[in-house]
Amino acid sequence: MFSDNLLNGKNILITGGGTGLGKQMAETFLKLGATVSIVSRHEEHLIGAKNHFSKMGYHIEAEKCDVRNPEELKSAIDAIEKKTGSINVLVNNAAGNFISKTEDLSPKAFDTVIGIVLNGSSYASLEMGKRWIKNSIKGTILSIVATYAWTGSGYVVPSAIAKAGVLALTRSLAAEWGHYGIRTVAIAPGAFRTEGAWSRLLPGEEYEKEIIDGNPERRLGTKEEVANIGAFLISDLASYINGDVITADGGQSLYGASFFNMMEKLPDDLWKMMRQR
Ligand code: HXC
Ligand code: NAP
């Protein structure tokens with residue numbers, strides 16, 4: 001569907017791009033002709049990704065930075081722009097999350113998740129937006145949210161609060177910065193097996209089966225499925241999409257929400273009886 005040069009001229013910064021979905025987006029965007037840089041906290045993730053892409057024949061810039069710290073973000077972006085030129089796409093992908101009963105959380109636990117997801121995405125968007133407006137760059141911000149940004153979810157309450165905020169950021173900036181030619185868009189992924197998410201969210205293998213059984217497609221998503229939507233949304237093919245979110249969850253969030261979907265388990269004789277009645 002995509003031509004190999006779809007993302008030529010895109011100079012992309014992915015926060016948390018050294019692992020999981022962020023790393024897959026980096027790979028997909030590189031293959032489509034983009035220049036890609038990543039930032040995150042851990043050297044091993046940055047160096048690991050850099051070496052991984054180098055073996056594939058691609059060069060990426062990687063800077064250590066905690067998105068909760070606006071000064072660190074600014075320095076990392078300065079360093080990357082010095083080497084690659086002006087960034088014109090920001091992917092707010094970095095996240096922190098873990099399951100917990102809410103009553104067991106400390107205020108610091110809330111601050112930590114909200115700090116990474118909501119503050120980090122806000123600081124990065126602000127830093128890039130200021131540069132783009134000053135230099136008349138028509139940039140794009142893609143944020144990775146979750147379907148519980150709308151519905152909320154128990155046991156991941158700080159993450160749900162933060163993702164709802166990032167969704168509001170996406171919609172608000174679309175309205176405010178659209179006239180500068182800046183687009184803000186988002187993807188709401190369903191369940192994707194990544195080391196980062198699975199280790200913090202699933203108590204055991206059997207819970208993966210529950211997730212799969214609770215999905216109308218009876219499967220998890222693949223990382224490529226998110227990355228391909230990302231490639232479309234940041235490309236010029238999506239130039240009139242602004243402030244919107246594409247959900248990629250195989251229908252999971254709708255399946256759980258509707259009263260009658262449980263009738264899937266109804267045996268044929270009961271369907272017959274209902275029709276006769
Ligand atoms: C309760 C916890 C906790 C847990 C940490 N805390 N883990 N509380 N249950 N499992 C509390 C700590 O006790 C501490 O509070 C506070 O949170 C900060 O913890 P630190 O370990 O000091 O934080 P830090 O080193 O900054 O690490 C951040 C982190 C960590 C979020 C806690 O897990 C991390 O680095 N995560 C990054 C990657 C990640 O989370 N990926 C998953 C994304 S999946 P006190 O008061 O005790 O000091 C995702 C999508 C989900 O977002 C959607 C699926 C459908
Ligand atoms: P992941 O591999 O754990 O990715 C999170 C990344 O964020 C890591 O690379 C981590 O790198 C970085 N990060 C965390 N805190 C940071 C900070 N303070 N500063 C800078 N970087 C930081 O998990 P993932 O599953 O790929 O998640 C990627 C995105 O998809 C997240 O936004 C997540 O909420 C979203 N999502 C995932 C799923 C899923 O099922 N996997 C579902 C819905 C939404 P460092 O440790 O090196 O900092």
Side-chain angles (χ1 to χ4, degrees), residues 13-26 38-50 62-70 72-73 76-77 91-121 123-124 142-149 151-164 166-167 186-203 207-208 210-212 214-215 220-223 225-227 229-230 245-250 252-253 256:
L13 171 62
I14 306 175
T15 67
T19 66
L21 298 179
K23 188 174 176 192
Q24 180 61 53
M25 283 191 274
I38 62 173
V39 291
S40 79
R41 299 162 302 170
H42 294 109
E43 292 277 5
E44 69 265 28
H45 294 156
L46 297 170
I47 292 168
K50 210 172 157 90
E63 290 288 328
K64 194 164 163 355
C65 145
D66 188 325
V67 294
R68 290 170 285 190
N69 183 329
E72 273 184 34
L73 249 175
I77 292 170
V91 182
N92 285 317
N93 166 79
N97 200 2
F98 44 78
I99 51 159
S100 173
K101 290 181 176 180
T102 305
E103 63 269 31
D104 291 341
L105 293 175
S106 66
K108 190 174 162 206
F110 267 84
D111 288 349
T112 299
V113 172
I114 293 171
I116 300 170
V117 176
L118 181 54
N119 296 349
S121 302
Y123 299 154
L142 168 66
S143 295
I144 310 303
V145 295
T147 52
Y148 54 55
T151 59
S153 173
Y155 309 103
V156 285
V157 169
S159 174
I161 293 169
K163 295 291 190 186
V166 176
L167 184 59
I187 302 173
F192 292 77
R193 188 192 296 119
T194 66
E195 165 62 23
W198 256 223
S199 63
R200 293 173 175 91
L201 299 172
L202 295 196
Y207 290 88
E208 179 178 287
E210 283 203 26
I211 290 177
I212 292 169
N215 189 301
L220 302 172
T222 67
K223 296 188 197 83
E225 285 173 311
V226 169
I229 296 168
V245 190
I246 294 188
T247 297
D249 72 345
Q252 182 272 332
S253 52

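What you see is a predicted model; the values in this text were computed from it and never measured. Basis for what follows: all heavy atoms, side chains included, without hydrogens, waters or symmetry-related copies. Whatever order the structure lists them in is the order used to number ligands and atoms, beginning at 1.
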Q. For ligand 2, which atoms sit closer than 4.0 Å to a heavy atom of Cys65?
A. 19 (N), 20 (C)
Q) Which atoms of ligand 2 are found less than 4.0 Å from any heavy atom of Pro189? A) 42 (C), 43 (C), 44 (C)
Q. Is there a donor-acceptor pair closer than 3.5 Å between any side-chain N or O of Thr15 and the backbone N or O of Ala94?
A. yes
Distances under 3.5 Å, N/O of ligand 1 against N/O of the protein: list each pair and its distance.
unit_1: ligand 1; atom_1: 15 (O); unit_2: Ser106; atom_2: OG; d: 3.3
unit_1: ligand 1; atom_1: 26 (O); unit_2: Arg68; atom_2: NH1; d: 3.1
unit_1: ligand 1; atom_1: 26 (O); unit_2: Arg68; atom_2: NH2; d: 3.2
unit_1: ligand 1; atom_1: 33 (O); unit_2: Arg200; atom_2: NE; d: 2.7
unit_1: ligand 1; atom_1: 35 (O); unit_2: Arg41; atom_2: NH1; d: 3.1
unit_1: ligand 1; atom_1: 35 (O); unit_2: Arg41; atom_2: NH2; d: 2.8
unit_1: ligand 1; atom_1: 36 (N); unit_2: Arg200; atom_2: NE; d: 3.4
unit_1: ligand 1; atom_1: 40 (O); unit_2: Asn97; atom_2: N; d: 2.9
unit_1: ligand 1; atom_1: 40 (O); unit_2: Asn97; atom_2: O; d: 3.4
unit_1: ligand 1; atom_1: 46 (O); unit_2: Ser106; atom_2: OG; d: 2.5
unit_1: ligand 1; atom_1: 52 (O); unit_2: Asn97; atom_2: ND2; d: 3.3

Q: Please write down residue, atom name and distance for the protein heavy atom closest to atom 17 (C) of ligand 2.
A: Arg41 CD, 3.5 Å
Q. Can Met25 and Ile14 be said to form a side chain to side chain contact (heavy atoms under 4.5 Å, CB included), step by step?
A. CA-CA 8 Å; Met25 283 191 274; Ile14 306 175; 4.2 Å; yes
**Q.** Residue selection (non-hydrogen contact nearest atom 21 (N) of ligand 2) among Gly115, Ser40, Gly20
**A.** Ser40
**Q.** Thr19 side chain reached by Glu195 side chain, heavy atoms, under 4.5 Å
**A.** no
Q: List the closest protein heavy-atom neighbour of atom 24 (P) of ligand 2: residue, atom name, distance to the nearest 0.1 Å.
A: Thr194 OG1, 3.5 Å
(Q) Under 4.0 Å from a heavy atom of His45: which atoms of ligand 2 are those, numbered in the order shown and with their elements? (A) 11 (O), 45 (P), 46 (O), 47 (O)
(Q) Does this structure show an ion pair linking Glu208 with Arg193, if we count only N-O contacts that are shorter than 4.0 Å? (A) yes
Q: From the options Ile144, Asn92, Ile14, Val156, select the one whose nearest heavy atom is closest to atom 30 (O) of ligand 2.
A: Ile144
Q: Would you check if Val245 and Val145 make a side-chain contact, meaning some heavy-atom pair closer than 4.5 Å?
A: yes
Q | Contact atoms of ligand 2, heavy-atom distance to Ala197 under 4.0 Å | A | 25 (O), 41 (N)
Q. So, do Trp198 and Leu220 sit near enough that their side-chain heavy atoms are less than 4.5 Å apart?
A. yes
Q) Would you find a donor on one side and an acceptor on the other, under 3.5 Å apart, between the side chain of Glu72 and the backbone of Asp66? A) yes
Q | Phe110 side chain near Leu105 side chain, heavy-atom distance below 4.5 Å | A | yes
**Q.** Nearest protein heavy atom with distance in Å, relative to atom 44 (C) of ligand 2
**A.** Val145 O, 3.2 Å
Q: Take Val157 and Ile161 through the test side chain to side chain contact (heavy atoms under 4.5 Å, CB included) and record every step on the way to the result.
A: CA-CA 6 Å; Val157 169; Ile161 293 169; 3.8 Å; yes
Q: Please round to the nearest 0.5 Å and tell me the distance separating atom CZ of Arg68 and atom CG of Leu118.
A: 13.5 Å
Q. Hey, which atoms in ligand 2 end up nearer than 4.0 Å to a heavy atom of Leu21?
A. 26 (O), 30 (O), 37 (C)
Q: Determine whether Lys64 and Leu46 make a side-chain contact, defined as any pair of heavy atoms from C-beta on separated by less than 4.5 Å.
A: yes
Q: For ligand 2, note which part of Ala188 has a heavy atom under 4.0 Å away: side chain, backbone, both or neither.
A: neither
Q: Please tell me if the side chains of Phe192 and Thr222 come closer than 4.5 Å, counting only heavy atoms from C-beta onward.
A: no
Q. Quick one: do the Asp249 and Ser253 side chains pair a donor with an acceptor below 3.5 Å?
A. yes
Q | Protein residue, atom and distance nearest to atom 42 (C) of ligand 2, heavy-atom basis | A | Gly190 O, 2.9 Å
Q.
Give the atom numbers and elements of ligand 2 that come within less than 4.0 Å of a heavy atom of Asp66.
A. 17 (C), 18 (N), 19 (N)
Q) Counting only N and O atoms by type, is there a donor-acceptor contact under 3.5 Å from the side chain of Lys223 to the main-chain atoms of Lys23? A) no
Q. Given that the side chain starts at C-beta and the backbone is N, CA, C, O, which of these parts of Lys163 lies under 4.0 Å from ligand 2, counting heavy atoms, or is it both or neither?
A. side chain
Q. Side chain or backbone of His42 under 4.0 Å from ligand 2, or both, or neither, by non-hydrogen atoms?
A. both
**Q.** Flag side-chain contact, heavy atom, 4.5 Å: Ser121 against Ile116
**A.** no
Q. Which residue owns the protein heavy atom closest to atom 41 (N) of ligand 2, what's the atom, and how far is it?
A. Phe192 O, 3.0 Å
(Q) Counting non-hydrogen protein atoms only, what is the nearest one to atom 31 (C) of ligand 2? Give residue, atom name and distance. (A) Asn93 O, 3.1 Å
Q: Side-chain contact test, heavy atoms from C-beta onward, threshold under 4.5 Å: evaluate it for Ser159 versus Tyr148 and give yes or no.
A: yes
(Q) Quick check: Val39 and ligand 2, any N/O pair under 3.5 Å apart? (A) no
Q. Identify the closest protein heavy atom to atom 3 (O) of ligand 2: which residue and atom is it, and at what distance?
A. Gly196 CA, 3.3 Å
Q: Could you list which atoms of ligand 2 come closer than 4.0 Å to a heavy atom of Gly16?
A: 6 (C), 7 (O), 9 (O), 12 (C)
Q. To the nearest 0.1 Å, how far is atom 1 (P) of ligand 2 from its closest protein heavy atom, and which atom is that?
A. Thr19 OG1, 3.5 Å
Q | Those atoms of ligand 2 less than 4.0 Å from some heavy atom in Ala191 | A | 40 (O)
Q. Between Thr194 and Gly20, which heavy-atom pair has the shortest distance, and what is it?
A. CG2-CA, 4.0 Å
